[in-house]
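These values consider heavy atoms only, across backbone and side chains, with no hydrogens, waters or symmetry-generated copies.
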Amino acid sequence: MLISQGWLNEARDLAIILLAIFQLFSVTLMIVLVGVLVVMVNELRNLAKEKISPKVDDVLERVKDITENAKVTTTTAKQTASYVAEGVVSPVIKAASLLAGVKAGAKSLARRQARGSLPSDRNENN
């Protein structure tokens, strides 16, 4: 019995040592992997800062320029519409009003002449 119990103690001690070695290896491997992960994240951050961020900034500048051009264009269109309304449409409306007045006066004279009630006809009859 003493022989088998000694052998079990040695096997137990050997198993504990092997488990400790495997655990030490696992912890070392985890530390290395975390270190590699930190380095990779840092590289990715630097890549984003150096390559992607300037491109995004360029796109934002282009968008700002396009927006400014759109503002200038709308302002110009508003000013042009105001100029056309004041310079072209207003005289056309005045001319159309004058023409309508002349037309109405001509119709009124034509009706009076048809009835024979023009003031010049009355003076000639007297």
Side-chain angles (χ1 to χ4, degrees):
M1 246 288 161
L2 290 175
I3 295 176
S4 64
Q5 192 175 26
W7 180 82
L8 285 175
N9 287 337
E10 287 180 14
R12 181 198 64 202
D13 291 342
L14 185 61
I16 291 172
I17 291 171
L18 285 175
L19 285 174
I21 290 172
F22 284 137
Q23 187 171 9
L24 182 64
F25 178 73
S26 296
V27 169
T28 306
L29 185 62
M30 291 296 284
I31 290 172
V32 169
L33 289 176
V34 168
V36 169
L37 183 63
V38 167
V39 169
M40 294 301 286
V41 167
N42 193 25
E43 288 294 320
L44 184 62
R45 187 178 61 94
N46 289 338
L47 177 71
K49 191 184 293 183
E50 293 171 3
K51 302 264 176 154
I52 296 172
S53 182
K55 290 181 181 180
V56 170
D57 290 340
D58 290 343
V59 170
L60 287 176
E61 282 298 319
R62 289 181 192 161
V63 168
K64 286 179 185 176
D65 291 342
I66 291 169
T67 304
E68 188 63 34
N69 288 339
K71 287 179 184 177
V72 169
T73 302
T74 55
T75 302
T76 304
K78 286 179 185 177
Q79 291 172 350
T80 302
S82 297
Y83 174 76
V84 167
E86 291 175 12
V88 176
V89 174
S90 183
V92 169
I93 290 173
K94 289 179 183 177
S97 300
L98 180 65
L99 184 61
V102 169
K103 187 177 175 182
K107 282 184 180 180
S108 177
L109 286 175
R111 279 190 225 131
R112 285 186 180 177
Q113 188 178 18
R115 285 190 255 155
S117 62
L118 286 175
S120 60
D121 291 341
R122 289 185 203 151
N123 290 341
E124 290 175 5
N125 291 340
N126 292 337

So how far is it from L29 CG to F22 CZ, rounded to the nearest 0.5 Å?
-> 13.0 Å

Which pairs with one or both residues in residues 26-45 pass side-chain hydrogen bond (donor to acceptor under 3.5 Å, both in side chains), sequence neighbours excluded?
-> N42-R45

Side-chain contact, heavy-atom cut-off 4.5 Å: V27 with M30?
-> no

Same apolar cluster: L47 and V56, side chain cutoff 4.5 Å | no

Can L33 be reached from L24 by stepping across I, L, V, M, F, W or Y side chains whose heavy atoms are under 4.5 Å apart?
-> no

I21 side, atom CD1; I16 side, atom CD1 - distance, nearest 0.5 Å = 12.5 Å

Hey, can you pull the donor-acceptor pairs under 3.5 Å for the side chains in residues 62-72, sequence neighbours left out?
unit_1 : atom_1 : unit_2 : atom_2 : d
T67    : OG1    : V63    : O      : 2.8
N69    : ND2    : D65    : O      : 3.4

Distance, nearest 0.5 Å, that separates CZ of R12 from CG of N9 | 4.5 Å

From CG (L18) to CD (Q23), nearest 0.5 Å = 13.0 Å

